[in-house]
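Working notes, beginning with the structure itself.
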Amino acid sequence: MNEKFLKPYNPKETESRIYEMWEKSGFFNPDNLPAERFPLGAKPFCLIMPPTNANGSLHAGHGLVMTIEDIIVRYKRLRGYKTLWLPGLDHAGFETQVVYEKQLEKEGRSRFEMEPNKLYEEILDFTLNNSKNIKSQIRKMGASCDWSREKFTLDPEIIKTVYGTFEQLSKDGLLYRGNRIVSWCPRHQTSFSDLEIKDEERVEPYYFLKYGPFTISTSRPETKFGDKYVVMHPNDKRYANYKDGQKIDLEWINGPITATIVKDESVDMEFGTGVMTITPWHDAIDFGIAERHNLDKEQIIDDRGKLLPVAGEFAGMHITKARPLIIQKLEQKGLVEKIDQNYKHVVHTCYKCGTLIEPQIKEQWFIKMKPLAQKALEKIANGEIVYIPDHYKKITEHWLENIMDWNISRQIVWGIPIPAKICDQCGHGMVDLNDEVKKCQKCDGPVHKDKDTFDTWFSSGQWPFASLGYGYSDDFKTYYPTDVMETAGEIIFFWVSRMIMLGLYRTGKIPFKTVYLHGLVQDAKGRKMSKSKGNVINPLDLTEKYGTDAFRIGMVIGNTPGTSLALSEDKIRAYKNFANKIWNISRFVLTNTEAIAYDDKFEKFTENDLALIKERDDIIIDVTKDMDNFRFYIAAEKLYHYVWHTFADKILEESKNVISLGQSEEKLSRQQFLLGTLEKILICLHPFMPFVTEEIWQLLGKSQLLMIEKWPTDGNTQNE
RNA sequence: GCGCGGUUAGCUCAGUUGGUAGAGCGUCUCGUUGACGUCGAGAAGGUCAUAGGUUCGAACCCUAUACCGCGCACCA
């Protein structure tokens, strides 16, 4: 027996050595899997790693991703699939730019004072530097992904694919450049899609203002300078005397104005006085009304949140400062009827910085989503995509049924540039992949390059087919549609649903057959981890202390898909003990079988041992079912239980007597059983605890890596 | 307002098609010098949120209710 077994299992000494051995073997790359084990025609299995944000280091959520995906992938490899796990890194557009901006701030710099190209270069440097770090951390988690196929979202061939989709959307009439109201963050100076907005409930004063003969109400008096349309429901009897289009002179904030009556059915007669004035430039509903009635739209607030000249004496003032002053003035003029101090309402904020979103009218690129959503809905309803857990299917369907057009323009430098020209004269936008458009196709005016970049989700939404080399690589033919997409339930709309739509649109096929969604990783008390709370758990601290295997199985056991997971150090510590238990079990089996050689064809088992074999194989069959159905939490627990409380506590204890006192036949039967069972245990546990199992496997003197062994139910089992 | 979850042992959570409630951690008792103290044997601890219903039988299916969480939403 190897003298290593005389000491407790030492993950630190083992893990990097084992990982290196795997990597050198080349078996992470399915093309290199040995033909005798993975014969020609072996079924492919593919899982694309969600491209990791390259803007920081691995957090607990990544730890869970790498664990679950590696479990899936190792299991499939053991089952004889030609298994590809394709790793990738994400430039993560806005997310990364925000991280980098914080760094700039610390250095007393600002992105707004920098040359765009210079900023881009700096962020690229930053990202590439970080990505080295990230990749080594992914390796530490034991991820058996094919590094030779690694992709980055800014790789030229990825960008080419993304551009191709952009062009095709334009040709198919699904892309338009619209002067539309968008959600604008005054701090980050970019627009967003509807998903980057966070609703927040606030209690604020609510003002009732006299507007000529009417009373209107608002929580945002600072937007009201330009309000010259007063809107009411056509059926509202209270205002039957007022006709559509009628003009009324009245005294307003900065003096007399002429207002126009507009009748529109979108007004809720029950709400307030049933009368409202509109600010089409800064409010989505108002924008809609103005569009329907062809009304003037005037900008009141600039991109930074400051009032424009229309605000008269308040021009140049930031809206937050201006609001109380405006109210003061209105009160002096006797235009304030009353103020409700406890008005509870919902405001839109930037999901990243919490700044109040200021709707603005902007020229942006939009994708018409309804047709894309319709196709996705059909496939989902057919059951062609399986959701785990199931209820995400309903959530997705609900979202797809109510989908809005997608604004894919971002006013940030860190991203894929939008390949388009914009007319200086008429604002017309033209897709231009090869820099061929020199003048406006509408008015012959001069053109300039669109300065915006794509929403990062527009490119990552194409990841499954883009990363597999759609249009130019055999990988696409072999592995697409991919088998499983494993990611966070949080990004079901952002990413998963868009991948389905864009995948279907571009390739005609769904991008994956199964979506497995995990929940949030929280701290031991079930609170969200955040730097400000100081409760962030670094997965690498835990793997360092307890070993990666302990971390992995501890992350999985008791964690059902879709529900959040409370990560506690105690739990991980407990599974460190388990790793050591396996180690000691192996030592026991080896010391008690030194005189014999394992015979996988052995048949002369005692009746007692046959019963043990039945028990063991039943559990393995059970575990196999659980693995096939993505119930890793339960498979791991069953194995844990069998290994510790059946195999170790009962069988090994009993074997002490059998081996020291038993007849030679009885003894041999037991020894063969122990060796056979140890092997099967190691194989079954390997997806969960790859390092310790591989290390023991090697110490058993096996010629082949455990990583590419055969799963016990696929043959090669004792007494089959 | 609409939608989706959750409510099971002190804590964190399992419970696959309905068949006398489970795990880990924690607590308590006892044991153990050769596989392992990173141990073993055992114990305490739950009217499975509430109320109805279906059923021979419900933590599980149905209907309400309460509370908690999350998502979506253009009430000025």
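All figures in this text were calculated on a predicted structure; none of them were measured in a lab. What's counted below: heavy atoms across the whole structure, side chains too, no hydrogens, waters or symmetry copies. In what follows, chains are A, B, ... by sequence order, proteins preceding strands, each numbered from 1.
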Is it true that the side chains of A/E666 and A/S669 contain a donor and an acceptor less than 3.5 Å apart?
no
Looking across every strand, which nucleic acid part, if any, lies under 4.0 Å from A/H645 by heavy atom: base, sugar-phosphate, or nothing?
sugar-phosphate
Are any of A/W644's side-chain N or O atoms less than 4.0 Å away from OP1 or OP2 of B/rG40?
yes
Distance check, P atoms only: B/rU16 and B/rG26, in whole angstrom units.
27 Å
Out of B/rA14, B/rA35, B/rC4, minimum distance to the side chain of A/Y633 belongs to B/rA14
Expressed in whole Å, how much space separates the P atoms belonging to B/rG10 and B/rC30?
24 Å
Base, sugar-phosphate alone, or nothing: which one does A/I216 contact when heavy atoms must sit under 4.0 Å apart?
nothing
Heavy atoms, side chains only, cut-off 4.5 Å: are A/I367 and A/D405 in contact?
no
Is there a donor and acceptor pair, one atom on the side chain of A/K581 and one on the base of B/rC36, closer than 3.5 Å?
yes
Rounded to the nearest angstrom, tell me the gap between atom CZ in A/F578 and atom P in B/rC25.
12 Å
Rounding to the closest angstrom, what is the interatomic distance between B/rU54 and B/rU12 at atom C1'?
34 Å
Looking at A/Y9, I'd like to know whether one of its side-chain N or O atoms comes within less than 4.0 Å of OP1 or OP2 on B/rC36.
no
Would you classify A/N559 as touching base, sugar-phosphate or nothing, given that sugar-phosphate means primed atoms plus P, OP1 and OP2, and contacts are heavy atoms under 4.0 Å?
nothing
How would you label the contact of A/A579 with the nucleic acid (heavy atoms, under 4.0 Å): base, sugar-phosphate, or nothing?
nothing
May I have the distance from A/D622 (atom CG) to B/rU17 (atom C1'), rounded to whole angstrom?
14 Å
For atom C1', what is the distance between B/rA58 and B/rA73, given to the nearest Å?
38 Å
Sticking with atom C1', work out how far B/rG46 lies from B/rG15, rounded to a whole angstrom.
14 Å
Rounded to the nearest Å, what distance is computed from the CG atom of residue A/L520 to the C1' atom of nucleotide B/rG6?
15 Å
Can you check the A/L700 CG to B/rA35 C1' distance for me, whole Å?
14 Å
Evaluate the ring planes of A/Y9 and A/W583, with Trp represented by its six-membered ring, and classify them as parallel (under 30°), tilted (30 to 60°) or perpendicular (over 60°).
tilted
Which part of the nucleic acid, if any, lies within contact of A/P8, taking any heavy atom under 4.0 Å across all strands shown: a base, the sugar-phosphate backbone alone, or nothing?
base
Please report, rounded to the nearest Å, how far the C1' atom of B/rC25 is from the CZ atom of A/R573.
10 Å
Contact letters for nucleotides 70-76 of chain B, in which S counts primed atoms plus P, OP1 and OP2 and B counts the base, heavy atoms under 4.0 Å:
-S-BBBB
What contact category does A/T279 fall into here, base, sugar-phosphate, or nothing, at under 4.0 angstrom with non-hydrogen atoms?
nothing
Between A/F192 and A/Y351, what is the ring plane arrangement, given parallel below 30°, perpendicular above 60°, and tilted in between?
perpendicular
Which class fits the ring pair A/Y206 and A/F208: parallel under 30°, tilted 30 to 60°, perpendicular over 60°?
perpendicular
Just the rounded figure in Å: distance from P of B/rA35 to CD1 of A/I696.
17 Å
Phosphate OP1/OP2 of B/rC39 contacted by A/N577 side-chain N/O (<4.0 Å):
yes
For A/D296, is there an ion pair with A/K228 - N to carboxylate O distance below 4.0 angstrom?
yes
Runs of at least three consecutive pairs that involve RNA chain B, where pairs are Watson-Crick or G-U with distances under 3.5 Å:
B:1-7 with B:66-72, B:10-13 with B:22-25, B:27-31 with B:39-43, B:49-53 with B:61-65
Mind telling me whether A/F632 and A/Y516 have parallel, tilted or perpendicular rings, with 30° and 60° as the class edges?
tilted
For B/rA35, take OP1 and OP2 only and decide whether either is under 4.0 Å from a side-chain N or O of A/T591.
no
So does A/K394 get a side-chain nitrogen or oxygen closer than 4.0 Å to the phosphate oxygens (OP1/OP2) of B/rG3?
no
Reading RNA chain B from 5' onward, which residue's closest nucleotide shows up sooner: A/K650 or A/S564?
A/S564
Would you measure the distance from the P atom in B/rG22 across to the matching atom in B/rU27 and give it in whole Å?
23 Å
Would you measure the distance from the P atom in B/rU20 across to the matching atom in B/rC39 and give it in whole Å?
32 Å
N/O donor-acceptor pair, side chain A/E653 with base B/rA41, under 3.5 angstrom
no
Of the candidates B/rG24, B/rC4, B/rC36, the side chain of A/H641 sits closest to B/rG24
Any A/T560 side-chain N or O less than 4.0 Å from OP1/OP2 of B/rG15:
no
Can you tell me how far C1' of B/rG3 sits from CG of A/L400, to the nearest Å?
14 Å
Donor-acceptor pair between A/E15 and A/T548 side chains, under 3.5 angstrom:
yes
Name the orientation class of the two ring planes belonging to A/F578 and A/Y575 (parallel below 30°, tilted from 30 to 60°, perpendicular beyond 60°).
perpendicular
Regarding the side chain of A/D626, the nearest nucleotide among B/rU16, B/rA35, B/rC4 is B/rU16
Between A/F214 and A/Y242, is the gap from one ring center to the other below 6.0 Å?
yes
Specify the separation, in whole Å, of atom CG of A/N592 and atom P of B/rC36.
11 Å
Under a 4.5 Å cut-off applied to non-hydrogen side-chain atoms, are A/F647 and A/R616 in contact?
no
Would you tell me whether A/Y633 and A/D626 have side-chain atoms, one donor and one acceptor, within less than 3.5 Å of each other?
no
Provide the distance between the two P atoms, one in B/rC60 and one in B/rG6, to the nearest whole Å.
13 Å
Mind checking A/K656 for me? I need base, sugar-phosphate or nothing, with any heavy atom below 4.0 Å counting as a touch.
base
Let me know, please, whether A/D649 or A/R631 comes out on the 5' side of the other along RNA chain B by nearest nucleotide.
A/R631
At 4.0 Å (heavy atoms only), tell me whether A/F287 reaches a base, stays on the sugar-phosphate, or touches nothing.
nothing
Can you confirm whether A/L295 sits close enough to A/I278 that some side-chain heavy atom of one is under 4.5 Å from a side-chain heavy atom of the other?
yes
